[in-house]
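Before any comments, here is the structure.
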Amino acid sequence: MDLFDQVSNDIKEAMKAKDKVRLETLRNVKKFFLEAKTAPGANDTLTDEAALKIMQKLVKQGKDSAQIYIAQGRQDLADAELAQVAVIETYLPQPMSAEELEAGLKAIMAQVGATGPKDMGKVMGVASKTFAGRAEGRAISETVKKLLA
């Protein structure tokens, strides 16, 4: 079952359970999925990879919004935003630990023959594709800089 079907089924389950936060969050996610499916050139399909990117974007936006709410003294709005983020994160793969990321990057550096800071582009290209959905781009970039320095 692909992510789109899983979210659709979970919407039904949330309705039955009367879980308002989960229901609202999943309906919002499905809205973004439908927009992506009907976008020009999408041919009415949505791959799991594209769906994961959409969910990661929503998680990042939710966390950013929560930080803004906290800065403005609106903890109630921040809590609501973080509750939605928690629902979406259940569909995402487990993030890599710093140690796993470093070990994976060392393997990629050996594979592409990276020796210094000038090879960062080569490493980042492979690493971004390899760790998509499991590590943030910023974390990958910082670790690569540290290892190549």
Side-chain angles (χ1 to χ4, degrees), residues 1-15 17-106 108-109 114 117 119-149:
M1 178 185 316
D2 64 355
L3 260 168
F4 183 82
D5 294 333
Q6 186 178 352
V7 167
S8 297
N9 286 338
D10 290 348
I11 287 174
K12 292 176 200 166
E13 297 300 318
M15 279 189 223
K18 293 182 175 40
D19 185 345
K20 288 183 179 180
V21 172
R22 189 170 182 79
L23 178 61
E24 182 182 327
T25 303
L26 293 177
R27 281 183 172 162
N28 190 33
V29 169
K30 188 172 180 180
K31 176 187 73 122
F32 281 100
F33 284 0
L34 288 171
E35 288 173 1
K37 279 180 92 167
T38 58
N43 297 329
D44 201 34
T45 58
L46 181 70
T47 63
D48 276 355
E49 186 177 302
L52 279 175
K53 282 185 181 179
I54 291 170
M55 292 179 122
Q56 288 168 336
K57 180 180 169 189
L58 291 173
V59 165
K60 185 175 183 337
Q61 287 175 345
K63 287 180 178 178
D64 290 347
S65 296
Q67 286 179 339
I68 292 169
Y69 290 141
I70 290 170
Q72 295 177 347
R74 294 296 309 265
Q75 189 62 42
D76 56 328
L77 296 175
D79 291 343
E81 205 62 52
L82 292 173
Q84 290 187 1
V85 166
V87 170
I88 297 171
E89 283 180 332
T90 61
Y91 294 91
L92 298 176
Q94 285 291 53
M96 298 177 81
S97 69
E99 294 79 26
E100 291 173 321
L101 179 62
E102 195 167 316
L105 286 172
K106 284 179 181 175
I108 290 172
M109 288 166 58
D119 296 324
M120 185 165 174
K122 284 192 237 175
V123 176
M124 283 301 295
V126 176
S128 295
K129 289 179 184 144
T130 306
F131 302 134
R134 298 193 56 221
E136 283 187 20
R138 189 180 322 126
I140 295 172
S141 174
E142 288 171 0
T143 308
V144 169
K145 280 181 190 170
K146 183 177 80 175
L147 292 173
L148 288 176

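Shown here are the side chain to side chain donor-acceptor pair (under 3.5 Å) partners of Gln75, two or more places apart in sequence or in another chain: Asp79. Contacts of Asp76 classified as side chain to side chain donor-acceptor pair (under 3.5 Å), with partners at least two apart in sequence or in another chain: Arg74. Applying the side chain to side chain donor-acceptor pair (under 3.5 Å) criterion to Glu24, with sequence neighbours excluded, gives Gln84. Judged as a salt bridge (charged side-chain N to carboxylate O under 4.0 Å, His left out), and not counting sequence neighbours, the contacts of Lys106 are Glu102.
Looking at heavy atoms from C-beta onward, Ile140 lies in side-chain contact with Leu101 at the 4.5 angstrom threshold. Leu3 has its side chain within reach of Gln6: a pair of non-hydrogen atoms, C-beta onward, lies under 4.5 Å apart.
Here Gln61 contributes atom CD and Ile88 contributes atom CD1; the two are 9.0 Å apart, rounded to the nearest 0.5 Å. Residue Asp10 holds its CG atom at 6.0 Å from CG of Leu26, rounded to the nearest 0.5 Å. To the nearest 0.5 Å, the span separating CZ on Phe4 from CG on Asn9 amounts to 10.5 Å. Here Leu82 contributes atom CG and Leu77 contributes atom CG; the two are 11.0 Å apart, rounded to the nearest 0.5 Å.
For the pair Ala66 and Glu81, the tightest heavy-atom approach, listed with the atom from each and the gap, is N-CG, 4.0 Å. Across every non-hydrogen atom of Ala127 and Leu105, the tightest pair is CB-CD2, 3.5 Å. Among all heavy-atom pairs drawn from Tyr91 and Leu52, the shortest one is O-CD2, 3.9 Å. When all heavy atoms are compared, the tightest approach of Met124 to Ser141 is SD-CA, 3.7 Å. Listed here is the closest heavy atom pair of Val21 and Thr25: O-OG1, 2.7 Å. Listed here is the closest heavy atom pair of Ala51 and Leu46: CB-CD2, 4.1 Å.
Contacts classified as salt bridge (Lys or Arg N to Asp or Glu O under 4.0 Å) and involving residues 54-67 (residues at least two apart or in different chains) are given here: Lys60-Asp64, Lys63-Glu89. Sorted by first then second residue, the side chain to side chain donor-acceptor pair (under 3.5 Å) pairs that include residues 27-37, not counting sequence neighbours, are Ser8-Lys30.
Side-chain N or O atoms of Asp2 include none that pairs as donor or acceptor with a backbone N or O of Asp48 at under 3.5 Å.
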